[in-house]
Structures are given as C-alpha cells and as structure tokens.
Amino acid sequence: MTKVLLVCGTDGCFKSCSAKGHAFFAAKGRDIVCSAETLLLRTAISVLESTKGLKLGCDASERGSLAFKVEVESHSAELAERLRCTADFIREGIASLSKEYPGCVLLKEIIE
C-alpha cells in the first residue's frame with residue numbers, strides 16, 4: 001500500500017507531501033494505481049516549480065518514495081490561492097484513488 005501524507009496550514013495552504021510504498025495492484029511496470037499516484041504528485045510538483053515566490057524541495061532518492069515541500073519566499077493572495085488549489089488537487093486525486101482502489105493507497109492529512 002502507498003501511504004500519502006499531505007500537510008497543510010490552518011489556512012488550507014499546501015506545505016508538504018510525501019508518498020511511500022507501492023500500491024501492489026499489478027506487477028511492476030504495469031500498476032495503474034502507482035502510475036496514477038505518480039502522475040498526480042508529479043503534476044503538483046510541476047505546478048509548484050513554475051510558481052513564483054516559492055522555493056520547492058523534492059526528494060525521490062529511494063524507489064517507491066517521493067517527498068516535496070514548499071517554502072514561501074513572498075506572500076500574496078494569489079500565491080495562497082495557488083497553494084490551496086494544490087492541496088485540493090492532491091487531496092481529491094489521492095482520495096479518489098483510495099476510494100476506487102481500497103487497500104492500494106491511503107491518504108492522511110495533517111493540519112499545522
């Protein structure tokens with residue numbers, strides 16, 4: 001099972017996300033759940049990388065593990081909205097996978 005941890009601020013803004021493990025829905029290289037998880041998280045990373053006013057740190061040094069977090073360099077209403085949307089995107093996407101493929105992916109969210 002892949003365990004995804006989403007960390008958001010009390011304002012709903014994205015802070016960090018980590019995913020560890022494997023879905024084990026299918027054989028290595030053919031697992032649609034792992035592919036979907038990866039696509040969701042890499043899309044979120046791509047959006048954050050292209051966002052001005054953020055510093056993004058990523059770690060994918062181990063197979064089956066991906067972690068990323070943001071450091072806000074300049075605050076603005078637009079940036080806060082982007083971070084809330086990123087959190088919503090990850091939450092909804094991973095929750096949808098978890099509902100459709102129970103036992104393959106688990107989402108936990110922490111509010112700080």
What pairs of residues pass the side chain to side chain donor-acceptor pair (under 3.5 Å) test when at least one of them lies in [range], not counting sequence neighbours?
range	result
residues 47-59	T51-R82, D59-S61
residues 93-103	none
residues 5-15	none

Do any pairs count as a ring pair (Phe, Tyr, Trp, His ring centres under 6.0 Å) and have a residue in [range], sequence neighbours left out, and if so which ones?
range	answer
residues 36-70	F14-F68
residues 27-61	none
residues 29-67	none

inquiry  = Tell me if the CD atom of E78 is crowded by more than 12 foreign heavy atoms within 6.0 Å.
reply    = no
4.5 Å side-chain heavy-atom contact, T38 and L66 = no
To the closest 0.5 Å, what do you measure between [atom1] ([X]) and [atom2] ([Y])?
X	Y	atom1	atom2	value
K3	S65	NZ	OG	13.0 Å
E92	C85	CD	SG	11.5 Å
S46	L41	OG	CG	12.5 Å
E71	L54	CD	CG	9.5 Å
L40	L97	CG	CG	6.0 Å
C8	L83	SG	CG	9.5 Å

ask   = In terms of hydrophobic clusters joined by side-chain contacts under 4.5 Å, are L56 and V47 together?
value = no
ask   = Quick one: do M1 and I94 end up in the same hydrophobic cluster if we chain Ile, Leu, Val, Met, Phe, Trp and Tyr together by side-chain heavy atoms under 4.5 Å apart?
value =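 Hydrophobic grouping puts M1 apart from I94.
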Quiz: residues 17-35 side-chain donor-acceptor pairs under 3.5 angstrom, not counting sequence neighbours:
residue	atom	partner	partner atom	Å
D31	OD1	V33	N	3.0
D31	OD1	C34	N	3.1
D31	OD2	F24	N	3.3
D31	OD2	F25	N	2.8
D31	OD2	A26	N	3.3
S35	OG	D31	O	3.1

inquiry  = Restricting to side-chain hydrogen bond (donor to acceptor under 3.5 Å, both in side chains), what partner residues turn up for S74, sequence neighbours left out?
reply    =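 S74 satisfies side-chain hydrogen bond (donor to acceptor under 3.5 Å, both in side chains) with no other residue.
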query = Which residues satisfy the side-chain hydrogen bond (donor to acceptor under 3.5 Å, both in side chains) test with T2, sequence neighbours excluded?
reply =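 Per chain and number, T2 pairs via side-chain hydrogen bond (donor to acceptor under 3.5 Å, both in side chains) with E37.
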message = Suppose we screen for salt bridge (charged side-chain N to carboxylate O under 4.0 Å, His left out). Which residues come up paired with R84, at least two apart in sequence or across chains?
response = E81
query = Under the salt bridge (charged side-chain N to carboxylate O under 4.0 Å, His left out) test, which residues partner E109, sequence neighbours left out?
reply =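 Testing E109 for salt bridge (charged side-chain N to carboxylate O under 4.0 Å, His left out), a comparison that skips the adjacent residues, returns R91.
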request  = Tell me who clusters with L5, hydrophobic residues only, linked when side chains sit under 4.5 Å apart either directly or through other members.
outcome  =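 The other cluster members (ILVMFWY side chains, heavy atoms under 4.5 Å, direct or chained) are V7, I110.
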